[in-house]
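Comments concern the structure below.
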Protein chains: 2
Amino acid sequence: MSAVETAMQGLRAKIASGELAPGQKCPPEGELAAQLGVSRSSLREAIRALSALGVMEARHGSGTYVSSLEPAEILKGFALLVDIFPFDSVLELFEIRRALESHAAAAAAARSTPELLAELDELVAKMEATENSADISDLDARFHEAICEAGGNATLTGLMTLFRSRGRHFNIFDSAEGAKVREVSNKGHRDILEAIHRRDPASAATATAAHVAQSEFWLKKFRPAPQLEG
Amino acid sequence: MSAVETAMQGLRAKIASGELAPGQKCPPEGELAAQLGVSRSSLREAIRALSALGVMEARHGSGTYVSSLEPAEILKGFALLVDIFPFDSVLELFEIRRALESHAAAAAAARSTPELLAELDELVAKMEATENSADISDLDARFHEAICEAGGNATLTGLMTLFRSRGRHFNIFDSAEGAKVREVSNKGHRDILEAIHRRDPASAATATAAHVAQSEFWLKKFRPAPQLEG
DNA sequence: ACACAATATTCATCAGATGACTTGTGAAAA
DNA sequence: TTTTCACAAGTCATCTGATGAATATTGTGT
């Protein structure tokens, strides 16, 4: 086994065994490298790899820490990854969104609270009141996220937020038929919202599936070039 | 921006722009480091991070290559991650499995082929014929994977295989009520199989949801310690 | 008790040297 | 001609040591 693999396995073992608990500070690089029997360079590469996976976090001047290990938290680090997926794969993500967001919407409808309904009402009203595509995109993202959160599964919520992040770069609200897109999108949100108001999980699920499918349709139709910032 | 971040962004940009295409070989470390304006050490850490994310692959003595960038392929690298998730998070993964595998099973039922049916028949027959828990675990995994594959979404298939990988470590077939577990599990597989034979997507979905829920129930009940190898 | 400066700890980066592995080349043998 | 083998070049892997930068701690003076 290579030195870096040795270090990664060693760290993984320390974490899995509880010797290094989530949030805990690790020994300094030099000491840790000695413990694991590798050089500081190799240990640093191992830590860098685990950092990329969201398992550890190195803070300059302070130390290296084990992260929370919550899937929802870890998923946030993968946005960079989704950005470079090929277009066809993005379409596969939409199918997954369709299934999972429907599921979450049904759960949200079953357990909705006045607070959730109030927030969703406000978001939909704001979306219908503006034509600024950036604002709409933000409101739309929050609308879907709030429903996922209400579903009660933080991992699912994180996964959906991650998958949506790529779609947002395509800015379908800015396309040639932007007005039409907004109109149908608003209608979709209304349908979902009403189903949740009625505490109707089945309708919430089908409305959400239809809405996501609609987004997918537009994305396929326009297939605008993604905006790569940075 | 730190040196390693600079290198990662640079590599990401080269990949996103197509300068480095999937499968392509990168320039040697020294040259790449010079291009990006960082030291070899920093570049190596960046490459190590991208390797952990499944975006690149360094082959000793040969060179560094850009990976296929297929989500299904990239997901395979995350098994290490799922291994260290806290137990409660694993339960959240089961809810996701329930939704997604149901979806895939419905799709598989709608588009099943004689080849798929033949394989599933054989897998179920073998599972019913043995009591070896390791074999059963393998066959069970293949059964679910084959159905996901038939669903036609490679990303979804990869995601499910990843999520299942953690559950397998718990070896519920070896628990105190192993015989009972096997019996109910086999019944669940029969139900799913028959629904697919009948080309009945709705039944396939509900049978799959019930089967996954059953697995989740047992896992909660026994909560056996995971076997950490390595 | 508080503010602030000095000190210590720790990660970040760089440079250079050496080892290990892969690959292609060319010569020798079949 | 084809196959086999040794060798050399190219490349990644690892280690060491030194220096810089950010943070945490300590001590001091008010």
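Chain identifiers are assigned alphabetically (A, B, ...) following the order of the sequence lines, protein sequences preceding nucleic acid strands; residue numbering begins at 1 within each chain.
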- Query: Within the structure, does a side-chain N or O atom of Thr64(A) lie under 4.0 Å from either OP1 or OP2 of dT10(C)?
  - Reply: no
- Within the distance-only criterion (no hydrogens, no angle test), does the side chain of Arg166(A) pair as donor or acceptor with the backbone N or O of Phe85(A) below 3.5 angstrom? yes
- Query: Is there a salt bridge (charged side-chain N to carboxylate O under 4.0 Å, His left out) between Arg142(A) and Glu149(A) once you walk through the steps?
  - Reply: CA-CA 10 Å; Arg142(A) 179 57 200 154; Glu149(A) 281 173 359; 3.4 Å; yes
- Whole Å only: how far is the CE atom of Met8(B) from the P atom of dT13(C)? 12 Å
- Item | Lys/Arg-Asp/Glu bridge criterion (N-O < 4.0 Å) met for Glu92(A), Arg97(A) | no
- Message: I'd like to know if Arg164(A) and Glu101(A) make a salt bridge, using a cut-off of under 4.0 Å between side-chain N and carboxylate O.
- Response: yes
Polar-atom pairs under 3.5 Å, protein N or O versus N or O of nucleotides 22-25 of chain D: list them with distances, or write none.
| from | atom 1 | to | atom 2 | distance (Å) |
| --- | --- | --- | --- | --- |
| dA22(D) | O4' | His60(A) | NE2 | 3.4 |

- Message: On a heavy-atom basis, which atom in Leu91(A) and which in Glu216(A) lie closest, and how many Å separate them?
- Response: O-OE2, 3.9 Å
- Query: Atom CZ of Arg48(A) to atom C1' of dC11(C): distance rounded to whole Å?
  - Reply: 10 Å
- Residue set satisfying salt bridge (Lys or Arg N to Asp or Glu O under 4.0 Å) with Arg44(A), at least two apart, ordered chain then number -> Glu29(A), Glu45(B)
- Message: Can you measure Glu29(A) atom CD to dA21(D) atom C1' for me and round it to whole angstrom units?
- Response: 13 Å
- Message: Centre-to-centre under 6.0 Å for His103(A) and His103(B), is that the case here?
- Response: no
- Message: Once you measure the plane-to-plane angle for His189(B) and Phe143(B), does it fall in the parallel (<30°), tilted (30-60°) or perpendicular (>60°) bin?
- Response: tilted
- Item | Separation of atom CD1 in Ile47(B) from atom P in dT11(D), rounded to whole Å | 13 Å
- Tell me: CG of Leu50(A) to P of dC11(C), nearest whole Å? 15 Å
- Residues in contact with DNA chain C, drawn from residues 38-46 of chain B - heavy-atom cutoff 4.0 Å: Val38(B), Ser39(B), Arg40(B), Ser41(B), Ser42(B)
